[in-house]
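The analysis underlying the following values was restricted to heavy atoms, covering all of them including side chains, and did not include hydrogens, waters or symmetry mates. By convention in this document, chain letters (A, B, ...) are assigned in the order of the sequence lines, proteins followed by strands, and residues within each chain are numbered from 1. If you're wondering where the values come from, they're calculated on a predicted model, not measured in any experiment.
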Number of protein chains: 4
Amino acid sequence: MTEKQERILETALSLFAKDGFSATSTSKVAREAGVSEGLIFRHFENKEGLLNAILENGRQKLTVIFDSIHHLEEPKEILRRVIELPLTIDEDQRPFWKLLYALKWQADVYDDSMSNPMKDILIPVFEALNYHQPELESELVMVLMDGMASHILLKRSGNVEDIKELIFKKYDL
Amino acid sequence: MTEKQERILETALSLFAKDGFSATSTSKVAREAGVSEGLIFRHFENKEGLLNAILENGRQKLTVIFDSIHHLEEPKEILRRVIELPLTIDEDQRPFWKLLYALKWQADVYDDSMSNPMKDILIPVFEALNYHQPELESELVMVLMDGMASHILLKRSGNVEDIKELIFKKYDL
Amino acid sequence: MTEKQERILETALSLFAKDGFSATSTSKVAREAGVSEGLIFRHFENKEGLLNAILENGRQKLTVIFDSIHHLEEPKEILRRVIELPLTIDEDQRPFWKLLYALKWQADVYDDSMSNPMKDILIPVFEALNYHQPELESELVMVLMDGMASHILLKRSGNVEDIKELIFKKYDL
Amino acid sequence: MTEKQERILETALSLFAKDGFSATSTSKVAREAGVSEGLIFRHFENKEGLLNAILENGRQKLTVIFDSIHHLEEPKEILRRVIELPLTIDEDQRPFWKLLYALKWQADVYDDSMSNPMKDILIPVFEALNYHQPELESELVMVLMDGMASHILLKRSGNVEDIKELIFKKYDL
DNA sequence: GATGAATGAGTTTTCATTCAT
DNA sequence: AATGAATGAAAACTCATTCAT
């Protein structure tokens with residue numbers, strides 16, 4: 001991975017996240033990345049290849065996060081970590097998440113591949129905590145996380161931290 | 001509003017919702033609506049004007065819904081109605097909602113104009129129910145609704161009805 | 001000639017003069033004239049018909065001017081009147097002249113139909129005044145008039161009146 | 001400046017001069033230049049950019065001519081050279097001049113940037129020749145030149161050479 | 001690996017013109 | 001006489017992609 005290659009990925013990610021995939025032209029990516037337009041195609045085959053490279057890049061970091069949670073033992077600790085996940089997205093990872101969420105609304109581009117691993121983590125937690133409907137409770141948490149992520153990524157309100165505390169209280173965490 | 005004008009709006013809405021705004025060409029809209037491409041521009045000025053007409057159209061229907069909730073008296077009844085709002089989106093309104101949610105992720109296209117009226121409805125409810133942090137609770141409900149809407153509009157799981165019941169139980173509704 | 005018909009002619013003339021014939025759309029003419037677009041075509045057949053109507057309109061006024069000069073007897077008086085012709089264009093006739101001059105540079109639109117009558121007036125004048133080359137002198141005056149008209153119609157300098165006086169002096173008028 | 005780029009400029013100039021700027025489509029320019037239409041926009045941004053490139057191109061050649069006159073010493077020699085300027089336009093420069101003169105009649109397209117340098121040349125000449133009103137005389141010469149240029153560029157008469165001689169005689173050149 | 005000229009197929013938009021009312 | 005909805009063809013412009021260097 002050369003420096004220019006990385007600059008392309010970085011620029012494309014930020015533009016795709018800001019303006020959307022199809023509203024971003026390869027020429028704009030090239031211009032802002034300071035490389036020739038041809039280079040994008042040499043390295044990534046085509047525009048979709050560029051998107052895939054970006055997603056692949058991010059998915060790897062994602063796996064790391066999932067694994068770190070998987071290793072935990074205490075159910076409440078796991079639940080706490082899962083719920084606060086959207087809050088722990090740090091500044092330089094935001095474009096990636098924004099892109100991911102935006103793509104979900106674009107048909108046939110992205111498959112929801114992190115939904116199942118999340119369920120696999122949550123169901124055992126609610127079972128351990130003796131909730132009546134572990135699967136349903138898991139889904140509810142995922143709904144909550146989705147909502148939280150939206151609010152955070154779209155900067156809709158500042159007090160997400162407080163909302164998190166409120167949720168923690170409701171789950172007695 | 002002539003018949004062709006309406007057909008354009010309808011077709012555009014369904015295509016924008018399915019494939020995204022910028023991935024949908026005006027020529028495709030015209031073809032599927034069975035009108036000449038020029039007509040789109042004669043009636044809506046430009047592609048963005050078409051989008052705005054669609055959004056304006058939808059916003060009006062939205063106001064009707066908000067108003068119907070506003071007129072209710074019983075706090076719990078209001079809360080129930082608000083929470084189940086995402087579930088009451090009927091089939092022919094789905095494209096509008098899908099478009100709206102997709103646009104939120106595109107910068108500068110859509111302003112979140114229904115977030116405040118919603119707060120105005122919810123805060124008094126939680127005050128009446130003697131919750132400690134009415135504003136925070138309102139925001140949490142909105143987070144929940146956002147998550148629910150996503151799940152429904154993206155058909156991620158079938159048992160949203162069950163999730164709703166679970167939420168009702170948690171709010172003792 | 002109805003009132004709307006006249007308003008179309010007037011508006012078209014001023015727009016054609018300001019922006020050029022092909023850069024002016026019939027829709028803009030209709031809009032500024034406050035009539036429906038269809039009306040232009042009902043009255044003038046097509047865009048070129050509109051132009052021709054404007055030109056025909058103006059040519060009539062032109063003939064009146066030529067005739068008034070033709071009736072004069074005194075050679076110097078004629079020469080004086082001819083030379084100051086460009087200066088006597090009054091404000092509301094300027095668009096017509098501007099259009100006429102602009103059209104000359106557009107191939108195949110306008111034939112230079114006032115060049116010959118002018119020569120017919122000038123040659124006898126210079127013969128009467130005993131100039132050596134009456135035809136050449138006539139052409140020179142026409143060159144001068146062309147230059148003057150440009151300067152006036154394009155508002156290039158304010159002291160056209162002084163230039164006229166200078167020319168008068170040179171021709172001992 | 002690649003060969004295709006030059007071919008575009010050349011073709012565009014000749015078409016703009018012949019048919020007018022707005023009556024000439026970029027697709028026609030591309031076709032006649034034997035290039036793809038996109039190339040025009042890649043090199044010149046938009047249609048107006050193409051026009052500006054043409055004008056800039058011509059203005060440079062213009063400066064060379066002005067400079068060559070500026071270097072002369074003898075006032076009468078300068079006056080002679082200035083007056084015969086319109087006659088020295090050679091065949092391949094004619095389209096440029098025709099375009100320039102045509103554009104003057106189109107509002108906001110062309111600023112009369114060569115009028116002042118011309119005055120700077122002429123006023124000292126008439127001062128040196130002891131004319132009473134050097135500035136006015138300069139303007140008159142420019143009026144004359146404008147008229148001459150029109151006559152030449154629009155091929156209105158063949159004996160411009162004779163007219164020039166007549167003018168020379170009047171200025172005792 | 002990198003550039004940037006070049007393309008062709010498309011996209012958005014404009015426009016003269018027609019036609020039912 | 002007048003409107004304004006509608007069209008089809010063309011205009012301006014964009015864009016993903018290729019290729020010679």
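As a whole-Å value, the separation of A:I40 CD1 from F:dC19 C1' is 16 Å. Between the C1' atom of E:dT13 and the CG atom of B:L50 lies a distance of 13 Å, rounded to the nearest Å. Distance D:R7 CZ to E:dA6 C1': 12 Å, rounded to the nearest Å. D:E37 has its CD atom 16 Å from the P atom of E:dT12, to the nearest Å. One can place CZ of D:F41 at 16 Å from P of E:dA6, the figure rounded to the nearest angstrom. As a whole-Å value, the separation of A:K47 NZ from E:dG10 P is 16 Å. The separation between C:D19 atom CG and E:dT14 atom C1' is 15 Å, rounded to whole Å. The CZ-C1' distance, from A:R31 to F:dT14, rounds to 11 Å in whole Å.
Pairing each heavy atom of B:R94 with each of B:I152, the nearest pair is NH2-O, 3.1 Å. Across all their heavy atoms, C:T24 and C:L15 have their closest contact at OG1-O, 3.4 Å.
Contact annotation: D:T26 side-chain N/O to F:dA12 OP1/OP2 distance is under 4.0 Å. Listed pair D:T2 / E:dA6 meets the phosphate criterion, a side-chain N or O lying under 4.0 Å from OP1 or OP2. Considering only side-chain N and O atoms, C:H43 lies under 4.0 angstrom from the phosphate OP1 or OP2 of F:dA2. For B:K4 and F:dT7, the shortest distance from a side-chain N or O to OP1 or OP2 is below 4.0 Å.
A donor-acceptor pair shorter than 3.5 Å cannot be found between the side chains of C:E37 and C:S27.
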statement: Given Watson-Crick and G-U pairs under 3.5 Å, DNA chain E in dot-bracket ([ ] crossing, | other strand) is .||||||||||||||||||||
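Place D:L39 and B:K28 on DNA chain E by their nearest nucleotides, and D:L39 ends up nearer the 5' end. Residue order along DNA chain F, read from the 5' end via each residue's closest nucleotide, puts D:S27 first among D:E45 and D:S27. Each of B:V35 and D:G38 has a nearest nucleotide on DNA chain F; the 5'-most of these lies closest to B:V35.
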- request: Please assess D:T2 against D:Q5 for the test side-chain contact (heavy atoms from CB on, under 4.5 Å), listing each intermediate value before the final yes or no.
  value: CA-CA 5 Å; D:T2 67; D:Q5 213 165 338; 3.4 Å; yes
- request: Could you check A:F96 against A:L62 for side-chain contact (heavy atoms from CB on, under 4.5 Å), going step by step and ending with a plain yes or no?
  value: CA-CA 11 Å; A:F96 171 71; A:L62 229 148; 4.2 Å; yes
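Among residues at least two apart or in separate chains, ring pair (Phe, Tyr, Trp, His ring centres under 6.0 Å) pairs with a member in residues 1-29 of chain D are D:F16-D:F21.
Remark: A:S22 OG to B:Q106 CD distance equals 7.0 Å, nearest 0.5 Å.
Relative to the side chain of D:R42, the nucleotides F:dA16, E:dT12, E:dA2 differ in distance, and F:dA16 lies closest.
Across all strands, D:Q5 comes closer than 4.0 Å to no nucleic acid atom at all (heavy-atom distances). In this structure, B:S25 reaches the sugar-phosphate backbone alone: every heavy-atom distance under 4.0 Å involves primed, P, OP1 or OP2 atoms, never a base. Note on A:S22: nothing from the nucleic acid sits closer than 4.0 angstrom, heavy atoms only.
The pair C:E10-C:R7 does not count as a salt bridge, with every side-chain nitrogen at least 4.0 angstrom from each carboxylate oxygen.
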